[in-house]
> 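Mind having a look at this structure? Questions to follow.
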Amino acid sequence: MSPMLHTALFLLTGTQAYRAFELCGELQQSIAPPPANISSALARTLVLVVSGGEMHQRRVRPLACTWARRLPRWAVVSDECVEGLASVRTKSPAEWWAEATGLEDAPPPSLRGRGYGAAQTRWAVGLQYAALVTSTPLAVPVDTFVFSDDDGFVSTRGLALLRPPQSGFLAYLCYRNRKFKDDVEVDVPCGGGGWAFSATSVARVGPKAPGCFFHVGRGLPTNRHQNSHVLAYCLARDYDVRGTHEDRLCPDGAIEDCSEDPAIVHLPKRLFRKRPGVGFTLYLGCLLAATDADRSNWQRLPVRLDSKQCVPCHAPTGAAGSMTL
């Protein structure tokens, strides 16, 4: 299919949707038909890992050689392409602000540069990319889009059991019924545990998702604690997409509240910093070994880890074509 037809299909999903991302390579690289022996649930699921260029070597590469080995479809949403891996480059807010939000003023200071605020916009841009996927004819279509931070662990077993409702999104809710200034009550997610959207919801809200930051320009509070709430606020107020608690998405290492088969476990630094000699990569390898062994409570690793029992991670160096997804 020609790039021009891809663009036409994408624009049909929403009026005046400004594309806030660029493809890194061919679109089919991240959504190609998976092998026939993959379960139907996994085959129809695309995991999008939200990251930044400064984290590619320390976090994204270890993902590629641990849990991502087991996934038929996954891609990175970042401000830079990841060489050798399926990825999407998100434009900076300055590049899409006026077209996506309709506001002529420059983005608020919190959304400029490479700081936390700008990084939070990548979730909305990733949702817009997901809308392009839904508009692309595929032999095996994607019906579930799961978002994770780059310091999350994704379990294929738990992922296969995670099915979002046809209308709405799933999110681990840190705050319930948070009331904003206009009395809009929103369940907002946080903690990197991830969101799961159905293809139906993605096709409806994804094309204009970057425009959600219109609310920041119009006075919605934005700081380190609020930026992650902007998208949830916009989806609830403007699209009537409400959050639903899902214990398969586990934020901030709060594994005591997780399902027995979680889809995503967020791994805050404190988890592995408390253990001498255990870094992020080794921790991921140990979790993968535990899930492969079908060990109950696999997300609760023992105090003493035997690295010989963990899956080794030989991260690709970044050479093009060094990784087969």
Side-chain angles (χ1 to χ4, degrees), residues 1 6 9-10 13 23-50 60 63-77 82 84-88 126-150 152-171 193-206 244 246 248-250 259-265 284 287-288 291-294 298 311 316 321 323-325:
M1 182 177 295
H6 277 156
L9 286 167
F10 177 65
T13 64
L23 297 176
C24 299
E26 295 294 327
L27 176 68
Q28 295 290 341
Q29 183 179 9
S30 61
I31 55 175
N37 61 346
I38 298 296
S39 71
S40 59
L42 287 179
R44 300 171 72 90
T45 300
L46 175 62
V47 175
L48 298 173
V49 177
V50 181
V60 175
L63 304 185
C65 59
T66 53
W67 58 256
R69 298 182 189 182
R70 306 292 191 261
L71 290 183
R73 286 170 159 169
W74 76 290
V76 182
V77 178
V82 188
L85 300 179
S87 56
V88 182
L127 192 56
Q128 189 184 61
Y129 163 72
L132 173 60
V133 175
T134 66
S135 69
T136 303
L138 300 170
V140 180
V142 177
D143 63 18
T144 303
F145 296 85
V146 178
F147 288 76
S148 173
D149 275 345
D150 56 10
F153 181 90
V154 178
S155 165
T156 55
R157 184 174 62 189
L159 197 63
L161 299 173
L162 178 66
R163 313 310 298 163
Q166 288 303 301
S167 60
F169 67 90
L170 303 181
W195 293 8
F197 290 85
S198 69
T200 302
S201 293
V202 164
R204 182 162 64 92
V205 307
T244 303
E246 172 55 60
R248 296 193 188 281
L249 304 177
C250 307
S259 161
E260 292 183 1
D261 289 309
I264 300 178
V265 176
L284 291 175
L287 289 177
L288 184 60
T291 57
D292 285 348
D294 198 22
W298 57 264
V311 174
M323 191 80 181
T324 300
L325 298 181

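Hydrogens, waters and symmetry mates are skipped; everything else that's a heavy atom, side chains included, is used.
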> Which heavy-atom pair separates C250 from P262 by the least distance, and what is that distance?
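Scanning both residues, the minimum pair turns out to be SG-CB, 3.7 Å.
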> Using the side chain to side chain donor-acceptor pair (under 3.5 Å) criterion, which residues pair with S201? Sequence neighbours excluded.
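Result, side chain to side chain donor-acceptor pair (under 3.5 Å) vs S201: S198.
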> Using the test side chain to side chain donor-acceptor pair (under 3.5 Å), find all partners of T156 that sit at least two apart in sequence or belong to another chain.
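T156: no side chain to side chain donor-acceptor pair (under 3.5 Å) contacts found.
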> Provide the closest heavy-atom pair for S148 versus G152 in the form atom of the first, atom of the second, distance.
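Heavy atoms only, the tightest pair is OG-CA, 3.9 Å.
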> Are F147 and V50 close enough that some pair of their side-chain heavy atoms sits under 4.5 Å apart?
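SC-SC contact between F147 and V50 confirmed.
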> In Å and rounded to the nearest 0.5 Å, what is the CG to OG distance from L48 to S87?
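With rounding to 0.5 Å, CG (L48) is 11.5 Å from OG (S87).
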> Could you tell me the separation between the CD atom of E246 and the OG atom of S259, rounded to the nearest 0.5 Å?
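If we round to the nearest 0.5 Å, E246:CD and S259:OG are 7.5 Å apart.
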> Of all the heavy-atom pairs spanning L42 and A160, show the shortest one and how long it is.
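Result for this residue pair: CD2-N, 4.1 Å.
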> Side chains of T134 and V142, heavy atoms from C-beta outward: is any pair under 4.5 Å?
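No, their side chains stay 4.5 Å or more apart.
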> Are L23 and L132 close enough, and set up right, to give a side chain to side chain contact (heavy atoms under 4.5 Å, CB included), and what steps lead you there?
CA-CA 11 Å; L23 297 176; L132 173 60; 4.2 Å; yes
> Taking only residues two or more places apart in sequence, or in another chain, which ones meet A263 in a side-chain contact (heavy atoms from CB on, under 4.5 Å)?
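Residues passing side-chain contact (heavy atoms from CB on, under 4.5 Å) with A263: L159, L162, R248, L249.
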> Side chain to side chain contact (heavy atoms under 4.5 Å, CB included) between R73 and V140: does it pass, once the steps are laid out?
CA-CA 11 Å; R73 286 170 159 169; V140 180; 4.0 Å; yes
> Which pair of heavy atoms, one from S135 and one from P137, lies closest together, and at what distance?
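Closest approach of S135 to P137: O-CD, 3.7 Å.
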> Is the backbone N or O of A293 less than 3.5 Å from a side-chain atom of W298, with the two atoms forming a donor-acceptor pair by type?
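No, because the side chain of W298 does not come within donor-acceptor range (under 3.5 Å) of the backbone of A293.
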> Are the side chains of L288 and F153 in touch, meaning some heavy atoms are under 4.5 Å apart?
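The answer is yes, as the side chains (C-beta and beyond) meet within the 4.5 Å cut-off.
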> Please tell me if the side chains of V311 and T66 come closer than 4.5 Å, counting only heavy atoms from C-beta onward.
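Result no, sub-4.5 Å side-chain heavy-atom pair not found.
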> Strictly under 6.0 Å, is that where the ring centroids of F145 and F197 end up?
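Judged by ring-centre distance (under 6.0 Å), F145 and F197 do not meet the cut-off.
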> Can you list every pair that meets salt bridge (Lys or Arg N to Asp or Glu O under 4.0 Å) and has a residue in residues 137-147, with sequence neighbours left out?
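Non-adjacent pairs meeting salt bridge (Lys or Arg N to Asp or Glu O under 4.0 Å): R44-D143, D143-R163.
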> Less than 4.5 Å apart, any side-chain heavy atom of L85 and any of W74?
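Yes, their side chains come closer than 4.5 Å.
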> Apply salt bridge (charged side-chain N to carboxylate O under 4.0 Å, His left out) to D150 and list each qualifying residue two or more places apart in sequence or on a separate chain.
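Per chain and number, D150 pairs via salt bridge (charged side-chain N to carboxylate O under 4.0 Å, His left out) with R59.
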> Using the side-chain contact (heavy atoms from CB on, under 4.5 Å) criterion, which residues pair with S40? Sequence neighbours excluded.
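side-chain contact (heavy atoms from CB on, under 4.5 Å) list for S40, sorted by chain: empty.
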> Locate the shortest heavy-atom distance separating D292 from R70; write the atom from each residue and the value.
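That closest heavy-atom pairing would be OD2-NH2, 2.5 Å.
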